[in-house]
Amino acid sequence: MRIAYVFLGAFLAIAQSAYAEVASPPVLAPLKRQAQAAELSAQFLSRYSYKPVPLDDALSARIMDGFIKSLDPDRMLFLQADIDRFMSDRSEIDDAIERKDLKIPFAIFNAYEQRVVDRMNYARSLLKQGFDFSAQENYSVLRDKAPWPQSEAESNELWRKRVKSDWLRLKLGGKTDAAIRETLDKRYENTLERAYKFKSDDVFQSFMDAYSTSIDPHTDYFGAAASADFNVSMKLSLFGIGAVLQERDDYTTIRELVPGGPAQLSGKLAVGDRITGVGQGKDGAIKEVVGTRLDEVVQMIRGKKGSVVRLDILPADAGADGTHRVISLVRDKISLDKQAARKTVLSVKAGDATRKIGIITLPVFYEDFEAKGKGDKDYKSASRDVAKLLDELKQEKVDSVLIDLRNNGGGSLDEAIDLTGLFIGNGPVVQQRRSDGKIEVKSAEFAMPVWTGPMGVLINRGSASASEIFAAAIQDYGRGVVVGEPSFGKGTVQTVIDLDQIVRNSKPEFGELKVTIAQFFRVNGGTTQLRGVTPDIGLPGLSDPTVFGETSYDNALPWTEIKPANYTPADTVTTLLPTLQSRHDARVGSDPDFQRLLKDIADLKAQREKGVISLNEAERRKEATAREKRFKDRAEAGDGEDLGDDGLEAGERSLSADIAIENARKNAKDVLLDEAAAILADEVDLQEGMLKAATKQKTDGK
């Protein structure tokens, strides 16, 4: 059974256009296999989900609403007349799917593409003129519930303010008018070009996303590309050349070389080099890829282990007319170690002692299902990697271990159970209730825990699914202190169904379904569903629970509870919590870094609630001056660099500048991690104090 990633990102709306009249985007039409896949998916989703939802007029309406929202979440593209036209088919999608007819969603998407071109055409035309930044007007940044524009004139006014806002950000970042025009023209042009690269599979994936999430928030459809990416994310490996690629100005650019991969070992590639062509094998023709979508280039470069791929390279320091070179690389297995478990050690003062806290960061609960099924003894596994790290931390004589699960969206259920076993040994970890009401208790089966000392778990709103199972079990057993924000609230189980296998299709055409089949319950009988895991000691967070987390979904399953499992909790942590809380409160109250973080969070919340930004330059400069002072104070205090806001988006700076900013953010002081480590140091201090008191009492008793 799998708990797949919680896919939290929506389909991003894309908008663009040009000064002069441009050609209409391609008219996309559904393929026969897509209509068959939709109808086959409907059979499963209406019968075998944990909460079966019939494909009827009511669901049809939800699918329509979700599909339109995915395309135009800010209601900046479609006109009200477009929406009125779409709504005439709002109750017809169910019948259309059953008769294998996908004309409705494709017609909507084609209209969307045309609106993208129209709006970008208008946006670029505005760049010919300047703007009056002395005027008192605002731009709404929260338009998800706003009415769609009633007319083209109303839409033009919206986009005038949008472009003015983009211009003002760059102006405040120190750019000249000429540089601003060039930057924004390229930005809108790039988006326009992407609109022309949409394919039928993109439309179908977006439509099926709307359909599947209308059943419940964590039911998903994977087309071939999405399925391949999911499998890579779970294995943490693929066969390729070992290069992280990025699309920059129509070029596929080397963003990073994976240590030990063919690209890095060859010495023939450098960060910033551009791939202009790809050839298969030693003699295959090289196909030009300038202007080709990044995902398509990636698929061309990936391949079987031991096979040859040839790349036409334009060096990083060469101009567009520079000399190219062709290199040959042999594909090999690439380990994606950035997503693997990793450790570090922090020294923290607690009382009169300095404590060593071992930090294990786990970005995802990965497991190579395929290698495990084949009996590979060295298959990739999160719990096995963490066990090795725990052994290393023992050798380093750490006093406590903190498992950092921030932004860990889940993964393998078996891995969550085994990870819990590393700390509790043997015992129930999670209960699982199927749609027929049957409850199964899943247990860890370790003869002894790997780590018996003090420990804790750090979570935030992005900690979901398998992360919540682990954190909840640690909390219910009283095994460690849970610190952070309330977690995401995903308490459901999904399994992946290969539609091609179901119909015995010899080649992959129909994709996969990730279907909700059960619900999780904690060993104490409650569920992580909707409410998530409430930390023992809370820390502030930047996320907005109204738009991120299970409570943001209107079709999420409710919270409920069942009988507790048969387990034996300890009360050690519970006893310590009041003192840990008071020490935490005293410490952060006088910690300038923590107080600055609270100020940042308060400012962000205020901006969210305000929902608009001023387009008056004087007002914005006043705000910027206050922000820059805060950044300067922070930098002088040694808490990171002043990154400011240059108004540029990713890919608009030089590659070296983007990498420098990314590294600065990585190296910035992690205030929440430091505080979590301090809480664990207090836990060690208090437990040692209790042990000494108990020993003294026993001695005195003699």
Side-chain angles (χ1 to χ4, degrees), residues 9 11-12 14 16 25-26 28 186 189-205 222-233 237-258 261-266 268-316 318 320 322 324-334 336 338 508 649-652 654-655 658-659:
F11 186 95
L12 297 177
I14 293 178
Q16 284 186 335
L28 301 173
K186 186 63 177 176
E189 181 188 25
N190 285 342
T191 311
L192 176 63
E193 289 177 355
R194 287 196 293 271
Y196 282 83
K197 295 176 184 177
F198 283 127
K199 296 190 175 180
S200 177
D201 281 340
D202 300 315
V203 185
F204 184 62
Q205 180 68 58
F222 298 147
S227 177
D229 288 342
F230 171 73
N231 289 329
V232 166
S233 71
S237 67
L238 53 83
F239 295 117
I241 64 170
V244 177
L245 305 178
Q246 180 183 35
E247 185 178 332
R248 298 178 71 90
D249 295 332
D250 276 345
Y251 287 105
T252 297
T253 305
I254 305 291
R255 179 70 169 72
E256 181 182 336
L257 296 175
V258 178
Q264 188 261 336
L265 292 176
S266 74
K268 299 174 183 177
L269 285 172
V271 171
D273 284 353
R274 290 154 288 179
I275 300 172
T276 61
V278 180
Q280 305 301 330
K282 296 178 181 178
D283 305 312
I286 292 182
K287 180 180 178 181
E288 184 178 317
V289 296
V290 177
T292 302
R293 283 172 31 154
L294 181 63
D295 59 337
E296 295 178 14
V297 179
V298 168
Q299 290 304 316
M300 293 168 68
I301 294 175
R302 288 180 186 173
K304 292 182 180 179
K305 180 179 179 179
S307 62
V308 173
V309 62
R310 289 158 55 240
L311 306 177
D312 188 329
I313 300 297
L314 180 62
H324 291 235
R325 66 175 185 271
V326 176
I327 67 170
S328 293
L329 296 171
V330 179
R331 297 178 176 104
D332 200 355
K333 186 173 183 177
I334 308 300
L336 307 180
K338 277 194 172 182
E649 297 182 350
E652 292 178 349
S654 68
L655 183 56
D658 270 351
I659 292 174

Visitor: Does the distance from a Lys or Arg side-chain N to an Asp or Glu carboxylate O, for Asp202 and Arg194, drop under 4.0 Å?
Guide: no

Visitor: Evaluate Gln299 against Arg302 for side chain to side chain contact (heavy atoms under 4.5 Å, CB included), listing each step before the verdict.
Guide: CA-CA 5 Å; Gln299 290 304 316; Arg302 288 180 186 173; 3.7 Å; yes

Visitor: Specify the closest pair of heavy atoms between Ser200 and Leu28, including all atoms of both residues, with the distance to one decimal.
Guide: N-CD2, 4.2 Å

Visitor: What distance do Ile275 atom CD1 and Leu314 atom CG have between them, rounded to the nearest 0.5 Å?
Guide: 11.5 Å

Visitor: Minimum heavy-atom separation for Arg248 to Thr253, with atom names?
Guide: CB-OG1, 3.8 Å

Visitor: What closest approach, in Å, do His324 and Asp312 show between heavy atoms, and which atom pair accounts for it?
Guide: ND1-OD1, 2.9 Å

Visitor: Between Glu652 and Glu649 (side chain of the first, backbone of the second, donor and acceptor by atom type, cut-off under 3.5 Å), is there such a pair?
Guide: yes

Visitor: Write out all pairs satisfying salt bridge (Lys or Arg N to Asp or Glu O under 4.0 Å) with one or both partners inside residues 273-290, taking only residues at least two apart or from two chains.
Guide: Asp273-Arg325

Visitor: What closest approach, in Å, do Lys197 and Asp250 show between heavy atoms, and which atom pair accounts for it?
Guide: NZ-OD1, 3.9 Å

Visitor: So which atom in Ala263 and which in Leu269 form the shortest heavy-atom distance, rounded to 0.1 Å?
Guide: CB-CD1, 3.8 Å

Visitor: OG1 of Thr276 to CD1 of Ile313: how many Å apart, nearest 0.5 Å?
Guide: 7.0 Å

Visitor: What is the minimum heavy-atom distance between Pro262 and Gly240, and which atoms define it?
Guide: CG-O, 3.8 Å

Visitor: Could you grab the distance from atom CG of Asn190 to atom CG of Asp249, nearest 0.5 Å is fine?
Guide: 6.0 Å

Visitor: Taking the side chain as C-beta and beyond, is there a heavy-atom pair between Val326 and Leu311 under 4.5 Å?
Guide: no

Visitor: Check this for me: does any side-chain nitrogen of one of Lys199 and Asp295 sit under 4.0 Å from a carboxylate oxygen of the other?
Guide: no

Visitor: Could you tell me if the side chain of Tyr251 sits less than 4.5 Å from the side chain of Val290, heavy atoms only?
Guide: yes

Visitor: Rounded to the nearest 0.5 Å, how far does CD of Gln280 lie from CD1 of Ile286?
Guide: 10.0 Å

Visitor: Apply side chain to side chain contact (heavy atoms under 4.5 Å, CB included) to the pair Leu265 and Asp332, showing each step before the final yes or no.
Guide: CA-CA 11 Å; Leu265 292 176; Asp332 200 355; over 6 Å; no

Visitor: Does the Gln205 side chain pair with the main chain of Gly223, one donor and one acceptor, at a distance under 3.5 Å?
Guide: yes

Visitor: Excluding sequence neighbours, so at least two apart, what forms salt bridge (Lys or Arg N to Asp or Glu O under 4.0 Å) with Asp201?
Guide: Arg33

Visitor: For the CD atom of Gln246 and the OG1 atom of Thr252, what is their distance to the nearest 0.5 Å?
Guide: 10.0 Å

Visitor: Give the intermediate values and the outcome of side chain to side chain contact (heavy atoms under 4.5 Å, CB included) for residues Arg255 and Ile659.
Guide: CA-CA 9 Å; Arg255 179 70 169 72; Ile659 292 174; 3.0 Å; yes

Visitor: Using 0.5 Å steps for rounding, measure from the CD1 atom of Ile241 to the CZ atom of Arg331.
Guide: 9.0 Å

